[in-house]
Amino acid sequence: MTDRLKDFETFILQHCSDMPLPAGLDTRLSELGLDSLDLLDLILAIENEFNIEIDMDGVDDEMSLREFGVRFLP
Amino acid sequence: MNRQLARSLLRAMVHAQVRLARLCHRSDAVGDAVFKHTWNTLRRCKLATWCASQTRRRFQPDAAEALLIEVLEVMKAQGLAFQARTHLLAADTTMALLDSGLAPLIVVTSHTGFSTTTLTLLDKGLAVTLVADALPAAELTARYRPIREQYPGFEVVPKDRYSLVRLRDALRDGRTISCAADFQDAATKTYSLVSPAIFEFARRLNAELLMSKTLISEDGSITTLLDGPHRISDATASTKAFIDFVNAGRHPPKQLSIGHPPLA
């Protein structure tokens, strides 16, 4: 795991401390139990933390947090 | 009289009037003439107005809205080309904002006005992202293909757990969002609940929001009324203000209350 992905995992564990993460970073987006406002908060927080812009094209329920991180973290 | 019977009777009356009008009007502007004849006749007919008030209760239209939809559908079914005349009514500052085409905006409406509102915004030359019911991709594409072909700046975002993030992307691209805030109550099957989510979205992104509704004039033309821009500080209070805006001057008022849609 790259340092960037480790940072991402740490951030997710902190930010999502009250959410179910049954498979850690391999948890699918659909399993997080987020509504659209929660998901917006999460995306905005990731963008601020990692100074990136996330384009949601191609993102769907089947994507895991790990795949999400690999795709968007430089 | 039950609603199904009222609907059938109304449709029969509209079909008959349209056929009669077609016999009377054979000019180039036949669509306009047929509409004017049909609308003016049925709008004054108490039975037609009453039947219209009994139809399409799911969306809570008033009698004029229901009658207009019925006339337009019958004319289309009879192959008559016609587009209802539309007007835009807004404060000078709102008009200037729309004309500038610069400010990303959120325009919130309800299900009896969202198609007209969206077309009005597109006619102003704005790039519009419409929030649509979450349908299978093929169905969504087919439903909005005619609009997309006419307006290349038109996009659709399905209403799901990703919609607000995609709307954030749309705002970031300088697009205007058109969104109906009301949704169907699973118990009553009517669009009687209004979600505060789009207002909360506007608050979190500090985006300007316009409220929109449509009014049917005596001559059957449609006026889109825009109110704002608003900066949202309290999503619940703004949702209540939106319900008041929709119902101002409306008889009978729509039965609307604040609700939260189930998780997608």
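Chain letters run A, B, ... following the sequence lines, proteins first and then strands; every chain starts at 1. All figures in this text were calculated on a predicted structure; none of them were measured in a lab.
In terms of heavy-atom pairs under 4.5 angstrom with chain B, the leader among Leu37(A), Leu29(A), Leu39(A), Ile43(A) is Leu37(A). Annotation: maximal heavy-atom pairing with chain B below 4.5 Å, among Asp57(A), Ile54(A), Asp55(A), occurs at Ile54(A).
When the shell of 6.0 Å around NZ of Lys124(B) is examined, it contains more than 12 heavy atoms from other residues, nucleotides or ligands. Residue Arg172(B) places its CZ atom among more than 12 non-hydrogen atoms of other residues, nucleotides or ligands, all under 6.0 Å distant.
No salt bridge links Asp38(A) with Arg161(B); every basic N to acidic carboxylate O contact stays at or beyond 4.0 Å. The pair Glu47(A)-Arg168(B) meets the salt-bridge criterion, since a charged nitrogen lies less than 4.0 angstrom from a carboxylate oxygen.
With a 4.5 Å cut-off on non-hydrogen atoms, Leu205(B) touches chain A through its side chain but not through its backbone.
One finds the CD atom of Glu200(B) at 10.5 Å from the OG atom of Ser36(A) (value rounded to the nearest 0.5 Å). For the atom pair Leu164(B) CG and Met56(A) CE, the distance stands at 10.5 Å (nearest 0.5 Å).
Not a single donor-acceptor pair under 3.5 Å links the side chain of Tyr162(B) to the backbone N or O of Leu40(A).
Taking 4.5 Å as the limit, every side-chain heavy atom of Arg204(B) sits out of range of all side-chain heavy atoms of Leu44(A).
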